[in-house]
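Reading through the structure tokens given below for one structure.
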Amino acid sequence: MIRLGLCCTFRDEPIKFRVATAASLGKLPRPEALTKLSALGMANADALLAALRFCHANGIGCFRVNSQILPLRTHPTVGYSMDELPSGAEVVRRFEEAGAFAREHGLRTCFHPDQFVVLNSRRPDVVEASIRELEYQAEVAEWIGADVINVHGGGAFGDKKASLDEFARALDRLSPGARGRLTVENDDRTYAPADLLPICHSAGIPLVYDAHHHRCNPDGLTVEEATGRAIATWDREPLFHLSSPIEGWDGPRPERHHDFIDLGDFPDCWRALDLTVEVEAKAKEAAVLRLKEALLRR
């Protein structure tokens with residue numbers, strides 16, 4: 001069975017996740033800033049439950065949670081712990097309520113940290129910030145039952161093997177909760193599936209196979225071969241990514257995502273699999289629902 005996934009936000013539905021800026025919070029006295037952050041956390045937990053209700057009602061089996069679901073949680077100057085928030089326990093309770101709904105209805109949740117998370121950075125401060133971010137997302141993942149925190153391999157820095165060795169060493173610094181959820185994804189410029197599969201096997205990290213990225217950054221593996229080898233890295237339902245190029249495959253920048261999915265870009269070899277496919281399309285829920293209907297008609 002194919003489980004389609006919606007990524008982070010909505011185009012048409014009135015479900016919004018609230019954010020804040022460090023600049024605005026930095027102007028407030030610390031108690032006022034924490035009160036505001038507490039309110040944002042509760043509002044976003046409620047929005048997550050609404051998002052999951054929408055997914056359940058519309059046959060969407062997975063929802064990717066925005067990295068800023070707790071705004072600025074790991075920011076170096078305005079960041080905070082849950083114990084500091086005046087309603088921290090209530091924030092956690094509401095997230096746990098969303099997680100209970102997901103479990104009850106068989107919905108999957110996951111995270112995909114922002115691009116600043118680079119575990120093999122040559123800058124120690126970037127690695128430290130990346131680890132803090134992964135630990136925060138693992139904390140929320142525990143509340144809601146998310147089983148994937150997906151990252152890219154990072155930079156190559158002129159030596160892919162050495163850089164992936166650095167990536168592997170950083171894994172040892174993660175808590176079991178973060179480490180056990182971590183996955184790695186092939187990207188459109190640096191690390192193709194064939195580059196990542198050895199570390200997936202040696203470190204026990206599942207590969208999130210992105211078919212669009214693979215076409216932009218090929219490695220000699222066919223889609224069928226990459227699919228099979230990626231599935232072999234998983235000890236639970238595999239999660240893959242799908243998108244289409246906005247200007248077509250012959251356009252000047254095929255890595256850019258379209259609003260919708262071209263059904264021709266959905267690999268035939270995926271159709272009979274038990275698989276989560278996150279739909280990375282700018283039209284968000286409209287794109288997922290259109291693809292769902294197209295797959296049913298195909």
Side-chain angles (χ1 to χ4, degrees), residues 7-8 22 64-77 79 81 109-142 144 146-210 212-214 216-217 219 226 229-230 232-236 238-241 255 278 280:
C7 297
C8 300
R64 181 193 294 176
V65 181
N66 190 298
S67 295
Q68 287 299 313
I69 193 81
L70 289 179
L72 303 167
R73 174 70 169 76
T74 63
H75 191 275
T77 59
S81 67
T109 52
C110 59
F111 287 84
H112 192 2
D114 296 327
Q115 293 296 318
F116 70 80
V117 172
V118 182
L119 285 174
N120 65 354
S121 174
R122 296 302 186 259
R123 290 177 50 188
D125 61 317
V126 172
V127 176
E128 294 295 334
S130 299
I131 291 171
R132 286 196 301 273
E133 185 71 10
L134 293 174
E135 294 296 347
Y136 137 62
Q137 293 188 29
E139 182 180 22
V140 182
E142 186 69 28
I144 66 173
D147 71 323
V148 168
I149 301 174
N150 182 49
V151 299
H152 290 284
F157 307 106
D159 188 333
K160 283 186 179 181
K161 183 182 183 306
S163 295
L164 287 177
D165 288 343
E166 288 293 327
F167 179 92
R169 277 190 283 273
L171 300 180
D172 294 335
R173 300 181 58 192
L174 296 174
S175 68
R179 179 70 172 77
R181 292 178 169 91
L182 200 75
T183 64
V184 65
E185 174 191 352
N186 60 296
D187 62 74
D188 56 10
R189 294 185 180 182
T190 306
Y191 291 111
D195 297 317
L196 296 173
L197 283 164
I199 193 172
C200 288
H201 288 293
S202 63
I205 308 172
L207 176 66
V208 171
Y209 175 49
D210 188 308
H212 186 163
H213 288 170
H214 192 201
C216 293
N217 183 21
D219 56 5
R229 293 181 65 178
T233 67
W234 286 84
D235 60 358
R236 54 198 183 277
L239 185 149
F240 288 178
H241 287 176
E255 73 277 5
E278 285 194 296
E280 297 189 321

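Quantities reported herein were computed from a predicted structural model and do not represent experimental measurements.
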More than 12 foreign heavy atoms under 6.0 Å from CZ of Arg189: is that the case here?
no

Set out, in order, the CA-CA distance, both residues' side-chain angles and the distance that settles salt bridge (Lys or Arg N to Asp or Glu O under 4.0 Å) for Arg169 and Asp165, then state yes or no.
CA-CA 6 Å; Arg169 277 190 283 273; Asp165 288 343; 5.3 Å; no

Give me the one residue out of Gln68, Glu135, Glu139 that meets side-chain contact (heavy atoms from CB on, under 4.5 Å) with Arg73.
Glu139

Heavy-atom check, side chain of Asn150 versus side chain of Asp210, under 4.5 Å
no

Using side-chain contact (heavy atoms from CB on, under 4.5 Å), reason through Thr190 and Phe157 one step at a time and then give a plain yes or no.
CA-CA 10 Å; Thr190 306; Phe157 307 106; over 6 Å; no

Phe167 and Leu196: side-chain contact (heavy atoms from CB on, under 4.5 Å), yes or no, with the steps?
CA-CA 11 Å; Phe167 179 92; Leu196 296 173; over 6 Å; no

Ile131 side chain reached by Leu119 side chain, heavy atoms, under 4.5 Å:
yes

Please check if atom CZ in Arg236 has more than 12 non-hydrogen atoms from other residues, nucleotides or ligands closer than 6.0 Å.
yes

Side chain to side chain, Pro193 and Arg229, heavy atoms closer than 4.5 Å:
no

Measuring only between side-chain heavy atoms, which start at C-beta, is Leu197 closer than 4.5 Å to Thr233?
yes

If we only count heavy atoms from C-beta on, is the Val208 to Trp234 side-chain gap below 4.5 Å?
yes

With a 4.5 Å cut-off on side-chain heavy atoms, are Leu182 and Leu134 touching?
yes

Taking side chain as C-beta onward, heavy atoms only, is Asp195 less than 4.5 Å from Asp219?
no

Full working for salt bridge (Lys or Arg N to Asp or Glu O under 4.0 Å) between Arg123 and Asp125:
CA-CA 5 Å; Arg123 290 177 50 188; Asp125 61 317; 2.6 Å; yes

Classify the ring geometry of His152 against His112: parallel below 30°, tilted from 30° to 60°, perpendicular beyond 60°.
tilted

Any side-chain heavy atom of Glu278 within less than 4.5 Å of one from Leu239?
yes

Closest heavy-atom pair and its distance - Val117, Pro113
CG2-CB, 3.7 Å

Taking atom types as modelled, find out whether Glu185 and His241 have a side-chain donor-acceptor pair closer than 3.5 angstrom.
yes

If you compare all heavy atoms of Tyr191 against all heavy atoms of Ser163, which two are closest, and at what distance to 0.1 Å?
OH-CB, 3.3 Å

